[in-house]
Amino acid sequence: MVQYQQLDRTLGALADPTRRAVLERLGRGGATITELAEPAGISLTGMKKHVRVLEEAGLVTTEKVGRARRCTPGPRHLEDLRAWTDMYLQMLDGRLDRFGALLDRTKGTTT
């Protein structure tokens with residue numbers, strides 16, 4: 001479905017532990033791809049691929065600064081995912097409320 005394409009990219013990006021670690025690191029401030037690759041113990045080429053997936057999901061933006069590419073948290077930064085999970089949490093809360101009401105009615109008829 002077209003409406004979920006961005007959500008699919010976000011969830012796909014978050015499915016990888018290296019990409020989640022990159023987002024966690026960028027939460028403390030921007031970093032170059034080299035600074036992200038070194039602690040992860042992966043090659044620059046490998047980190048560039050992870051950053052590209054995050055960038056396509058809108059979770060990271062990159063900017064060329066001299067010879068380095070600097071990464072910062074992206075403009076979308078999990079907003080789509082939050083909206084989607086909030087929708088399901090509200091739906092589940094409604095079901096739990098109805099189940100609780102049913103239990104109360106059942107309890108009232110059996111005692």
Side-chain angles (χ1 to χ4, degrees):
M1 291 199 236
V2 173
Q3 68 188 25
Y4 292 119
Q5 286 180 346
Q6 180 58 42
L7 182 61
D8 291 346
R9 280 192 288 270
T10 300
L11 291 171
L14 294 174
D16 185 276
T18 299
R19 292 192 286 266
R20 290 193 303 271
V22 167
L23 289 176
E24 186 176 317
R25 167 58 186 86
L26 292 177
R28 297 191 301 270
T32 65
I33 290 179
T34 301
E35 292 169 336
L36 295 171
E38 286 174 356
I42 62 175
S43 68
L44 286 177
T45 303
M47 185 52 73
K48 285 178 186 174
K49 289 178 183 176
H50 285 296
V51 168
R52 185 173 351 119
V53 171
L54 291 167
E55 199 171 19
E56 289 171 0
L59 299 173
V60 166
T61 59
T62 64
E63 176 186 11
K64 189 134 174 104
V65 179
R67 295 182 63 185
R69 185 158 287 281
R70 186 152 189 84
C71 305
T72 56
R76 301 192 64 89
H77 205 62
L78 306 178
E79 293 163 354
D80 292 342
L81 182 59
R82 181 186 324 170
W84 185 77
T85 54
D86 284 350
M87 178 185 71
Y88 277 95
L89 288 173
Q90 288 174 358
M91 181 183 72
L92 291 174
D93 283 346
R95 287 182 180 180
L96 287 173
D97 289 344
R98 289 191 303 272
F99 182 66
L102 175 66
L103 286 177
D104 289 344
R105 284 194 308 269
T106 302
K107 187 177 179 182
T109 59
T110 58
T111 57

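The basis for the numbers below is simple: all heavy atoms, side chains too, and nothing from hydrogens, waters or symmetry mates.
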## Note on the structure
Sorted by chain and number, sequence neighbours left out, side-chain contact (heavy atoms from CB on, under 4.5 Å) with Thr34 holds for Thr32, Glu38, Leu44
### Pairing residues for Phe99 by the ring pair (Phe, Tyr, Trp, His ring centres under 6.0 Å) criterion, not counting sequence neighbours
none
For residues 10-20, which side-chain donor-acceptor pairs fall under 3.5 Å, sequence neighbours excluded?
from  : atom 1 : to    : atom 2 : distance (Å)
Thr10 : OG1    : Gln6  : O      : 3.0
Asp16 : OD1    : Thr18 : N      : 2.8
Asp16 : OD1    : Arg19 : N      : 3.2
Arg19 : NE     : Ala13 : O      : 2.9
Arg19 : NH1    : His50 : ND1    : 3.3
Arg19 : NH2    : Gly12 : O      : 3.2
Arg20 : NH1    : Leu14 : O      : 2.6
Arg20 : NH1    : Ala15 : O      : 3.4

#### Entry: same_hphob_cluster(Leu96, Leu102) at 4.5 Å side-chain heavy-atom cutoff
no
### Query
Are Leu7 and Leu59 joined in one hydrophobic group, where the rule is that I, L, V, M, F, W and Y side chains link up if heavy atoms are under 4.5 Å apart?
yes
### Message
With salt bridge (charged side-chain N to carboxylate O under 4.0 Å, His left out) as the rule and sequence neighbours excluded, what pairs involving residues 86-103 come up?
### Response
none
### Message
Could you tell me if the side chain of Val60 sits less than 4.5 Å from the side chain of Thr72, heavy atoms only?
### Response
no
### Message
For the CD atom of Glu79 and the CG atom of Leu81, what is their distance to the nearest 0.5 Å?
### Response
11.0 Å
### Message
Do Val22 and Met47 have side chains that approach each other closer than 4.5 Å (heavy atoms only, starting at C-beta)?
### Response
yes
### Task
Give the minimum heavy-atom separation between Cys71 and Val51, together with the two atoms involved.
SG-CG1, 3.9 Å
### Query
Atom CD1 in Ile33, atom CZ in Arg69: separation rounded to 0.5 Å?
6.5 Å
Side chains of residues 23-31: which donor-acceptor pairs under 3.5 Å do they make with residues two or more places apart or in other chains?
from  : atom 1 : to    : atom 2 : distance (Å)
Arg25 : NH1    : Gly29 : O      : 2.8

### Task
Not counting sequence neighbours, which residues clear salt bridge (Lys or Arg N to Asp or Glu O under 4.0 Å) with Arg70? List them please.
Glu35
### Task
Give the cluster check for Met91 versus Leu89: same hydrophobic cluster or not, with ILVMFWY residues linked at side-chain heavy-atom distances below 4.5 Å.
no
